[in-house]
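Heads up: the structure comes next, in structure tokens.
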There are 2 protein chains.
Amino acid sequence: MSTTPPSPRERLLETASRLFYAEGIHTVPVDRLVTQADVTRATFYRHFPAKEDLVVAYLRATDARLRGAVETAVARGAAEQGVSAVLDLIGETTCAAGFRGCHFINAAAEYPDASDPVREAIAEHRAWFQQTVTELAARAGHPDPAYAGRVLVLLHDGALAGAQLDDPEAVRATVRRAGHDLLGLPH
Amino acid sequence: MSTTPPSPRERLLETASRLFYAEGIHTVPVDRLVTQADVTRATFYRHFPAKEDLVVAYLRATDARLRGAVETAVARGAAEQGVSAVLDLIGETTCAAGFRGCHFINAAAEYPDASDPVREAIAEHRAWFQQTVTELAARAGHPDPAYAGRVLVLLHDGALAGAQLDDPEAVRATVRRAGHDLLGLPH
DNA sequence: CGTCAAAGACAGAACGTTCGTTCTCCCTTT
DNA sequence: AAAGGGAGAACGAACGTTCTGTCTTTGACG
């Protein structure tokens with residue numbers, strides 16, 4: 001089962017994810033994207049009508065990847081451990097090498113227009129996450145799943161926004177302790 | 001005591017704060033800045049050697065404004081109420097008209113280089129906030145002021161990052177409840 | 001009190017660069 | 001024959017920055 005070599009479209013998406021996340025969206029020109037993806041300009045515009053379409057595709061691909069990561073992290077334990085697994089996943093994310101905040105929050109900073117397709121992709125991702133963690137809290141028997149879900153989103157946003165500017169390990173510890181305190185989990 | 005009319009430099013700073021915050025930094029060209037500030041290009045470059053210098057000045061001015069806001073909000077009550085005042089201030093910020101997240105977190109998304117002067121200004125602001133809320137927690141008699149301070153920063157970051165993308169009122173309520181739960185304050 | 005020089009601001013053109021996008025031409029694969 | 005990709009030139013627009021020239025304000029000094 002040898003994997004087929006990545007198509008130009010896949011190379012573009014992978015390069016976009018890497019560069020957009022590491023350097024911001026507006027600061028990465030099309031020239032760098034096609035050069036690093038080893039693709040010609042014509043190929044770029046054959047797959048994406050404009051740069052913004054690649055931005056949306058990048059966010060949707062990231063969304064799909066994160067859904068998978070949450071699924072596998074949660075599936076490892078029993079229902080009561082799902083919430084704790086999300087807290088751990090947040091900590092691992094903020095302390096990973098090359099961490100530079102949340103793909104979606106960062107993108108939102110560069111796309112202020114709430115009706116922009118980029119913002120729609122962001123909203124869809126956030127709605128999924130909100131719903132997922134709320135269901136996790138309900139399944140774990142939390143008395144107020146809606147509140148628990150909003151707490152998890154709040155801690156997630158705070159961790160990813162702050163850890164790139166402060167000490168990531170301190171943020172990880174704070175998230176874990178605060179999450180367990182708020183949601184009645186054992187330390 | 002009639003106020004003197006704002007100088008070109010002040011007009012530039014006010015315009016920069018308004019436009020950079022509402023639309024992002026890289027998306028606002030110098031042309032829009034000088035037009036809306038009613039200033040010529042020559043005047044712009046007489047006060048700021050480059051656009052990035054205006055960005056730094058904008059962040060430092062915002063930092064000064066926020067220090068004042070926290071001071072007055074805290075000064076209104078006794079020592080034990082300082083932490084609660086910060087929580088209230090966060091809620092008011094996220095629910096204000098035109099709210100679009102945190103000036104500094106948004107700017108960091110557009111300036112990935114940690115050694116950039118913009119990032120230095122961001123780091124200074126965050127260090128001040130971290131230290132201020134930690135001292136507030138200590139003054140209020142919290143048993144673990146360092147943890148309480150990190151919790152306040154975490155809630156602050158999460159609220160400002162999330163409220164622009166979700167329901168601000170829900171975020172406000174969550175921050176208040178979670179903050180009081182975590183820090184042992186009465187509801 | 002009057003004067004002159006320096007500084008700051010206005011108006012607008014202009015420069016060089018970079019960006020997103022399009023185009024032409026050729027090659028390979030199916 | 002058709003479609004997808006490679007190579008690279010080219011275009012028009014937008015951007016940050018500089019320049020030329022004129023006018024007003026200001027303050028030091030005769």
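Lettering of chains follows the sequences in order, A, B, ..., and the numbering in each one begins at 1. For the numbers below, each heavy atom of this structure counts, side chains included, while hydrogens, waters and symmetry mates do not.
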*If you find the nucleotide of DNA chain C closest to B/Arg11 and the one closest to A/Ile25, which residue's nucleotide is nearer the 5' end?*
B/Arg11
*Rounded to the nearest Å, what distance is computed from the NZ atom of residue A/Lys51 to the P atom of nucleotide D/dA14?*
16 Å
*Give B/His47 one of three labels, base, sugar-phosphate or nothing, depending on what nucleic acid heavy atoms sit under 4.0 Å from its own.*
sugar-phosphate
_Using whole Å, what does the distance between atom P of nucleotide C/dA9 and atom CG of B/Asp38 come to?_
13 Å
*Between A/Asp166 and B/Arg150, is there a salt bridge with N-O shorter than 4.0 Å?*
no
*Run the ring-centre check on A/Phe20 versus A/His26 and record whether the distance is less than 6.0 Å.*
no
_Within the 4.0 Å heavy-atom criterion, would you say A/Arg9 contacts the bases, only the backbone, or no part of the nucleic acid?_
nothing
*Distance only, no hydrogens: is a donor on one side chain within 3.5 Å (strictly under) of an acceptor on the other, for B/Tyr147 and B/His142?*
no
*A/Asp31 CG to C/dT18 C1': how many Å, rounded?*
10 Å
*Does C/dC15 have OP1 or OP2 sitting under 4.0 Å from an N or O in the side chain of B/Arg41?*
no
*Starting from C1' on C/dA9, measure out to CZ on B/Phe44 and report it in whole angstrom.*
15 Å
*Could you check how far CZ of B/Arg32 sits from P of D/dA13, rounded to whole Å?*
19 Å
*Is A/Arg126 close enough and on-axis enough to A/Phe104, meaning under 6.0 Å and within 45°, for cation-pi?*
no
*asked:* Strictly below 4.0 Å: does A/Thr43 bring a side-chain N or O up to OP1 or OP2 of D/dG6?
replied: yes
_If I take atom NE2 in residue A/His26 and atom P in nucleotide D/dC15, what distance separates them, rounded to the nearest angstrom?_
11 Å
*A/Val30 side chain: which of D/dT17, C/dG20, D/dG5 is closest?*
C/dG20
_Closest to the A/Arg46 side chain, choosing from D/dG6, C/dG12, D/dG16_ = D/dG6
_Can you tell me which nucleotide in C/dC19, D/dT18, C/dT21 comes closest to the side chain of A/Tyr45?_
C/dT21
*Do the rings of A/His125 and A/Trp128 sit parallel, tilted or perpendicular, given the 30° and 60° boundaries?*
tilted
_Using whole Å, what does the distance between atom P of nucleotide C/dC19 and atom CG of A/Leu33 come to?_
11 Å
